[in-house]
Amino acid sequence: MLRAALPALLLPLLGLAAAAVADCPSSTWIQFQDSCYIFLQEAIKVESIEDVRNQCTDHGADMISIHNEEENAFILDTLKKQWKGPDDILLGMFYDTDDASFKWFDNSNMTFDKWTDQDDDEDLVDTCAFLHIKTGEWKKGNCEVSSVEGTLCKTANNHILISALVIASTVILTVLGAIIWFLYKKHSDSRFTTVFSTAPQSPYNEDCVLVVGEENEYPVQFD
């Protein structure tokens, strides 16, 4: 019984979990690997890099981060089909002067880079990264841009992971609850049957009890 019920219970829940991991916010987003991307082709005036970043955070995302060659190639291919602006587009990266290293705005790890050959001794204060859409290489540039022709955004990986973990936990708890309920019912039914099957039997049958009762109606008198 439990074996038959579990597949019917698990299939819709697992389907829901898969949908949460795979689906992007809307059809305007593009999925690649475990993230979703949107290209905002809108020219805006900005006062700081945070104004550019707000374009993405307003959509529940952050500026683009790139973590492998495949993702870099995917973004390059996507931009070639849609990008109508200059040859360079801002990446979601900045130079942190506190520990002298580049970091992603979405706080993901720096696991990949594709820098062009540039002077390592250059001043990197207020430095951001740009993607060259023809070569796919990265170059350093000033974060203080006055305008951008478009913004490339990406859903933060941890958002998808959290959704997946929450739904996976729900699936596990639901299955455990079903198993515990099944075992409880099975144990309860077993105890009920045992109580009635082992109940003590009277040494008298119904006829004997009736006769004894009738005899007790007349008190015995002694001379």
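Numbers here simply count residues along the sequence, with the first being 1. What you are looking at is a predicted structure, and each value in this text was computed from that prediction instead of being measured.
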Do [X] and [Y] have side-chain heavy atoms sitting under 4.5 Å apart?
X	Y	value
D126	Y95	no
L91	M63	no
E47	E144	no
L76	L79	no

Between R53 and D62, is the closest basic N to carboxylate O distance under 4.0 Å?
yes

Ignoring hydrogens and angles, state whether a donor on the side chain of S101 or D99 is under 3.5 Å from an acceptor on the partner side chain.
yes

Could you see if [X] belongs to whatever hydrophobic cluster contains [Y]? Use Ile, Leu, Val, Met, Phe, Trp, Tyr and a side-chain cutoff under 4.5 Å.
X	Y	value
F32	W104	yes
F130	F94	yes
I133	I64	yes
L131	L152	yes
I75	I30	yes

Under 6.0 Å from the ring centre and within 45 degrees of the ring axis: does the NZ or CZ of K139 meet both conditions for the six-membered ring of W115?
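Not satisfied by the 6.0 Å and 45° rule.
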
Using 0.5 Å steps for rounding, measure from the [atom1] atom of [X] to the [atom2] atom of [Y].
X	Y	atom1	atom2	answer
D34	H67	CG	NE2	9.0 Å
H132	D88	NE2	CG	5.0 Å
D51	T151	CG	OG1	10.5 Å
I66	F74	CD1	CZ	10.5 Å
W138	C128	CH2	SG	13.0 Å
L90	I49	CG	CD1	4.5 Å

Side-chain donor/acceptor pairs under 3.5 Å, residues 36-46, sequence neighbours excluded:
from: Y37; atom 1: OH; to: E71; atom 2: OE2; distance (Å): 2.4

Just by distance, do the side chain of [X] and the backbone of [Y] share a donor-acceptor pair under 3.5 Å?
X	Y	result
T127	N142	no
N72	G136	yes
D77	A73	no
N109	T111	no

Evaluate whether atom CG of D58 has more than 12 neighbouring non-hydrogen atoms of other residues, nucleotides or ligands under 6.0 angstrom away.
yes

H59 atom NE2, over 12 foreign heavy atoms within 6.0 Å
no

K154 versus S65, closest heavy-atom pair with distance
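It is NZ-O, 2.9 Å.
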
Scan residues 169-183 for pairs that pass salt bridge (charged side-chain N to carboxylate O under 4.0 Å, His left out), counting only residues two or more places apart or in two chains.
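Non-adjacent pairs meeting salt bridge (charged side-chain N to carboxylate O under 4.0 Å, His left out): zero.
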
